[in-house]
Amino acid sequence: MSILNTVSHRALACLLLTGAALLGGCAVAPSSPSAMTPETIATAKQSPKTVSVAATGGKGVATDAAMADAVAASIEKAKTFSKVIKGAGADYQLTVTLMSLDMPSFGMSFTCKTEMAWSLKRADGSAAWQEVIKSEGTAGAGEAFVGSERAKMAIERSIRENIAQGLSKISNQNL
C-alpha cells in the first residue's frame, strides 16, 4: 500500500469517527431540574391542599431525583397545590413514572417522544386521578454542535412538556 493510500484511509476513518461523535448520542451529564421545569403552565384552579412528589423510571439524563425536583418546582411555580411537602404528611401523593423515552440514536435534529404515567392518590391511599401522558420535544441542528447535547435538549423539552400537561390536567380536577 502506498503512503498516500494509508494516509487517506486514516483520514477517512478519523472523519467518520468525528462525524459519528457529532451526530450520535454520546454520554452527557444528567439534566438539572430547572432544565425540565416549564416556564408556564396553563392551570384551571389551584388546590389549597398539600402534595408530596415522587418520580420513578428515570434513566440517562432524566434521573428520578431531577424529575421529582422538576415536578415539585413546577407545582410551586404554578401553585397547583398550596405546598409541596417532602416525605409523609401531605394531603396527596403524586407519583410520576417515566415509562418510555423514544429517540433516534443519531441525526442532525432530534425529536424525543416521552410517555409518563401520572398517579395522584389521597392520603388514605385512594386514587384521585391517573393518566398516561405523551409528549414530544425537538432540538434542531443549529441549537448545539454536538449530537449528544441536542439529544439532551430534546429529552428535557419532552419532559418539560409532559410536566406542563400533567399539572394542567391535575388543575382541572376537583380535589
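None of the values given here were measured: they were computed from a predicted structure.
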Inset, instruction - Flag yes if more than 12 heavy atoms outside E131 fall under 6.0 Å of its CD atom; otherwise flag no. - result: yes
When rounded to the nearest 0.5 angstrom, what distance separates [atom1] in [X] from [atom2] in [Y]?
{"X": "Q165", "Y": "K169", "atom1": "CD", "atom2": "NZ", "answer": "6.0 Å"}
{"X": "L167", "Y": "I41", "atom1": "CG", "atom2": "CD1", "answer": "4.5 Å"}
{"X": "R150", "Y": "S109", "atom1": "CZ", "atom2": "OG", "answer": "8.0 Å"}
{"X": "M116", "Y": "E161", "atom1": "CE", "atom2": "CD", "answer": "11.5 Å"}
{"X": "N162", "Y": "I133", "atom1": "CG", "atom2": "CD1", "answer": "5.5 Å"}
{"X": "L101", "Y": "T114", "atom1": "CG", "atom2": "OG1", "answer": "4.5 Å"}

Tell me whether [X] contacts the main-chain N or O of [Y] through its side chain, where contact means a donor paired with an acceptor under 3.5 Å.
{"X": "T43", "Y": "S171", "answer": "no"}
{"X": "R122", "Y": "A127", "answer": "yes"}
{"X": "D91", "Y": "K49", "answer": "no"}
{"X": "S119", "Y": "T95", "answer": "no"}

Inset, instruction - Determine, using the 4.5 Å side-chain heavy-atom cutoff (strictly less than), whether L175 and W129 are members of one ILVMFWY cluster. - result: yes
[X]-[Y] side chain donor-acceptor pair, cut-off 3.5 Å:
{"X": "K45", "Y": "N174", "result": "yes"}
{"X": "S100", "Y": "D102", "result": "no"}
{"X": "E136", "Y": "S158", "result": "no"}

Legend entry - Heavy-atom side-chain proximity of V132 to E115 below 4.5 angstrom: yes
Legend entry - Heavy-atom check, side chain of K152 versus side chain of S31, under 4.5 Å: yes
Inset, instruction - Among residues two or more places apart or on two chains, list those pairs meeting ring pair (Phe, Tyr, Trp, His ring centres under 6.0 Å) that have a residue in residues 57-102. - result: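 Ring pair (Phe, Tyr, Trp, His ring centres under 6.0 Å) check on residues 57-102 returns F81-Y92.
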Legend entry - Shortest non-hydrogen contact from S168 toward N172: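 That would be O-ND2, 3.0 Å.
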Under 3.5 Å, sequence neighbours excluded: what are the donor-acceptor pairs made by side chains of residues 53-72?
from, atom 1, to, atom 2, distance (Å)
T56, OG1, T97, OG1, 2.9
T63, OG1, A66, N, 3.1
D64, OD1, G57, N, 3.2
D64, OD1, G58, N, 2.5

